[in-house]
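Take a look at the structure below.
Hydrogens, waters and symmetry mates play no part in the numbers below; they use all other heavy atoms, side chains included. In what follows, chains carry the letters A, B, and so on, assigned in the order in which the sequence lines appear, proteins first and then strands, with residues in each chain numbered from 1.
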Amino acid sequence: MADAVKERTRPPRRRRGGSTPRSLPYLLLAPAGLLMLGFIAYPMLSVLYYSLQDYNVTKPWRNGFAGLDNFRQILTDDPFFWDTLAFSARWVVVEVGLQLIFGLILALLINQTFIGRGLARALVFSPWAVSGVLTSTIWLLIYNPSTGVSRYLADAGIGEYGTSVLADTGTVFWGAVLAELWRGVPFFAILILADLQSVSKDLYEAASVDGAGRLRQFWHITLPHLKDAIVLSTLLRAVWEFNNVDLLYTLTNGGPAGVTTTLPLYVAQTGIEGNEFGYAAALTTVAFVILLFCSILYLRLSKFGGDDK
Amino acid sequence: MTTLALPRRAPRPGRSHDQPPRWQIYLPLGLYLLFTLIPFYWMLLFAFREPGSDSLVPWPITGQHFEKVWTERSFDTYFVNSLYVGIASMLMTMLVALTGGYALARFRFKLRMPFMLALLTSQFIPGALMLVPLFEIFRELRMLNSLWSVIIAETVFQLPLSMILISGFIRNVPVSLEEQAWVDGCSRLRAFLAIVLPLLRPGLIAVGSFAFVHSWNHFLFALMFLNAQDKQTIPVGLNTLIGSDSVDLGALAAGGVVAAVPVVIVFAFIQKWLITGFSAGAVKG
């Protein structure tokens with residue numbers, strides 16, 4: 001009896017009667033563990049290995065140990081690397097920032113009670129389910145200079161005929177940003193809405209009894225409540241936006257003149273099209289280190305999970 | 001009777017008195033809806049409009065672009081392949097994440113924290129940057145041009161987040177429920193299937209649909225690992241349409257519609273669960 005009471009007060013370590021062997025958790029984790037060892041850990045190690053090699057399938061006579069040459073070349077002798085890094089940073093900051101702002105506004109709006117809310121939710125969230133390639137498809141149709149939106153605008157006297165947003169180095173950035181924003185905002189809206197629903201209604205009641213307006217309620221109740229969710233979702237999204245190449249690969253393929261090439265896109269082009277596996281592996285390593293460093297810094301600065309709700 | 005005594009500005013039922021005026025909801029929401037829907041409309045317009053027409057309504061309506069992508073551009077094959085990849089990786093992700101998530105939620109063991117840490121760290125590993133080593137692995141395994149290379153890769157990259165979410169859901173189910181079943185003589189497996197699993201439904205639907213949509217949409221793995229024409233998936237097919245010398249916009253739009261239909265159906269079905277699923281998973285722990 002005493003045993004049973006004790007067991008209920010803490011997580012059960014094992015079942016009574018000893019029919020749960022100690023190895024059970026390991027057995028349960030084995031499939032996941034093996035998959036991740038084989039297809040994440042091992043490739044990671046092989047990236048590290050290749051990063052120290054000169055490795056190009058099309059030029060086998062050059063292959064061999066290169067030491068830190070690849071890294072030296074990246075850091076001191078590859079201006080395009082710095083260009084892509086700068087573009088990646090700008091891309092991630094602008095995208096995540098705008099997605100967060102619009103996602104937050106959208107979640108707040110859609111959390112209100114009004115007629116047609118269910119339908120509005122479904123419609124507003126729908127681009128979430130759309131892929132990068134499909135987003136590119138849609139926005140290529142929109143940006144198309146001869147039959148796209150700009151043509152109809154020109155018919156109406158706005159802008160010029162033949163405007164090609166994606167071919168102009170001045171407009172391509174915002175063209176791509178808009179396309180990615182279109183499918184990225186729902187991600188934040190969904191996560192923030194989920195978290196909004198756990199805010200206690202009593203807090204708002206109390207605040208409004210005390211005479212706090214809606215803006216102050218938002219600032220002092222809603223935002224602090226959402227903080228952890230915002231920190232975590234911005235981090236996940238930033239990593240995702242940094243790594244994801246689907247959209248830019250198909251929409252602009254890094255162009256025109258390489259101005260929309262992110263670091264991962266550069267890696268993909270170096271590795272896949274250029275066959276420079278060794279150099280691509282070194283770039284991968286550098287990207288991973290930068291990403292991990294920035295993530296840790298971000299979690300530190302935002303004091304994630306610091307104060308309990 | 002009491003309602004009569006209230007002042008003129010009596011709140012409508014179901015609205016809290018702190019709600020903003022209606023136009024402050026409808027106006028911004030309406031604008032945002034336009035931003036969301038016009039691109040979809042634009043795609044439908046091109047997909048259903050007769051070639052050469054520049055009308056802003058798809059009338060007279062035509063199905064010829066669909067016929068073209070479906071038969072000439074082999075979207076029929078791509079569709080089946082994508083469906084196969086999507087469903088298989090969804091099932092695999094859910095099964096593996098469920099067993100692993102249960103272990104993480106219900107047991108204390110030495111490797112628990114290191115494993116959790118590995119799951120979190122793996123979130124920072126870009127799938128795109130792993131293409132080359134993964135390509136070599138699948139070549140060694142002689143799995144290139146097999147849909148299973150893509151299924152495994154998709155599963156692996158979705159596992160960490162799915163497992164973290166599912167173990168969170170399981171932790172939200174009180175252990176005492178399971179313990180009662182054990183006392184009643186149920187095995188651990190039966191107790192899990194009969195008691196825990198039904199309670200996990202919203203979470204599992206969210207995670208599963210996430211997995212399906214992801215692998216249906218994912219592009220780079222399929223592009224790299226599948227070269228044979230009859231093994232390609234819809235995103236790769238779309239990319240081929242985008243890249244062809246004289247882009248046939250009607251066919252491209254029709255291909256886009258084919259790519260969108262399944263995810264939109266899944267989405268319409270799960271959108272309610274998505275919010276509840278995430279609110280359950282968002283609970284700290």
Side-chain angles (χ1 to χ4, degrees), chain A residues 8 11-13 15 20 25 28-29 31-32 35-36 39-40 43 46-47 106 109 112-114 120 122-127 129-134 137-138 140-142 147 182 190-191 193-195 197-198 204 208 214 229 239 243 245-246 250 264 267-268 271 277 280 284 287 291-292 295, chain B residues 14-15 18-20 25 28-29 32-33 36-37 39 42-43 46 96 99-100 102-103 107-109 115 122-126 128-130 132-134 137 152-153 156 159 163 175-176 182 188 213 217 219-220 235 238-239 242 249 252-253 256 259-260 263-264 267-268 271 274-275 278-279 282:
Chain A
R8 200 152 302 169
R13 189 164 308 181
R15 236 182 103 194
T20 300
L28 289 172
L29 274 177
L35 277 173
M36 287 174 61
F39 296 98
I40 296 185
S46 84
V47 164
L106 205 56
L109 282 173
Q112 310 284 344
T113 322
F114 59 89
L123 291 176
V124 157
F125 290 165
S126 54
V130 168
S131 69
V133 185
L134 183 50
T137 301
I138 291 175
L140 282 170
L141 295 170
I142 291 176
T147 53
W182 177 74
I190 290 172
L191 283 178
L193 182 62
D195 206 40
Q197 305 200 323
S198 62
Y204 292 115
S208 79
R214 271 189 285 121
V239 172
N243 286 332
V245 299
D246 287 21
T250 49
V267 173
F277 284 8
T284 303
L291 205 55
L292 204 61
S295 305
Chain B
R15 287 184 74 202
D18 253 341
Q19 284 242 317
I25 297 176
L29 200 60
Y32 195 83
L33 266 176
T36 301
L37 295 181
W42 205 253
M43 175 171 72
F46 276 73
V96 179
T99 52
Y102 184 81
F107 294 93
R108 300 276 166 271
F109 52 97
F115 201 88
S122 69
Q123 288 300 296
F124 298 96
I125 299 174
L129 304 184
M130 305 280 275
V132 171
L134 281 174
I137 290 174
I152 290 178
V156 165
L159 256 184
M163 218 146 89
V175 196
S176 52
W182 301 342
R188 195 180 262 276
V213 169
N217 284 340
F219 162 63
L220 276 183
L238 271 183
N239 181 50
I242 292 175
L249 293 178
L252 180 61
V263 282
V264 168
F267 178 78
Q271 106 27 57
L274 209 59
I275 307 292
F278 278 120
S279 350

Taking every heavy-atom pair that is under 4.5 Å apart, which of B:Leu29, B:Val213, B:Leu159, B:Asn239 has the most such pairs with chain A?
B:Leu29
Identify the heavy atoms of B:Pro235 and A:Val133 that sit nearest to each other, and give their distance.
O-CG1, 3.6 Å
Contact summary for B:Ala103 and A:Pro25, nearest pair of heavy atoms
CB-O, 3.6 Å
Examine whether an atom of A:Ala287 lies under 4.5 Å from a heavy atom of chain B, and if so say whether it belongs to the side chain, the backbone or both; otherwise answer neither.
side chain
Minimum side-chain heavy-atom gap B:Phe107-A:Leu28 below 4.5 Å
yes
Beyond-backbone contact of B:Met43 with A:Leu134, side-chain heavy atoms, under 4.5 angstrom
yes
Hey, are the side chains of A:Val124 and B:Tyr32 touching, using non-hydrogen atoms and a 4.5 Å cut-off?
yes
Under a 4.5 Å cut-off applied to non-hydrogen side-chain atoms, are A:Trp182 and B:Pro39 in contact?
yes
Interface check, chain B: of A:Thr284, A:Val130, A:Leu292, most non-hydrogen pairs under 4.5 Å belong to A:Thr284
Once ring-ring contact (aromatic ring centres under 6.0 Å, His included) is applied, do any residues pair with B:Phe115, and if so which ones, sequence neighbours excluded?
none
Tell me, out of A:Val47, A:Ile142, A:Leu140, A:Leu291, who's got the most heavy-atom pairs with chain B below 4.5 Å.
A:Ile142
Counting only non-hydrogen atoms closer than 4.5 Å, does B:Ile137 touch chain A with its backbone (N, CA, C, O), its side chain (CB onward), both, or neither?
side chain
CZ (B:Phe219) and OG1 (A:Thr250) are apart, to the nearest 0.5 Å, by 6.0 Å
Side chains of A:Ser126 and B:Val264 in contact at under 4.5 Å (non-hydrogen atoms)
no
Calculate, to the nearest 0.5 Å, the distance between atoms CG and CD1 belonging to A:Leu109 and B:Ile25 respectively.
7.0 Å
Shortest non-hydrogen pair, A:Leu141 vs B:Ala253, comes out as CD1-CB, 3.7 Å
Against chain A, label B:Phe267 side chain, backbone, both or neither, depending on which of its atoms sit under 4.5 Å from a heavy atom there.
side chain
Check: B:Leu33 and A:Leu123 side chains under 4.5 Å, non-hydrogen atoms
yes
Heavy-atom closest pair, residues B:Trp42 and A:Thr147:
CZ2-O, 3.8 Å
Residues at least two apart in sequence or cross-chain that pass ring-ring contact (aromatic ring centres under 6.0 Å, His included) with A:Phe277, listed by chain then number, are A:Tyr55
Over all heavy atoms of both residues, which pair between A:Asp246 and B:Asn217 is shortest? Give the atoms and the distance, please.
OD2-O, 4.2 Å
Student check: side-chain heavy atoms of A:Met36 and B:Val96 closer than 4.5 Å:
no
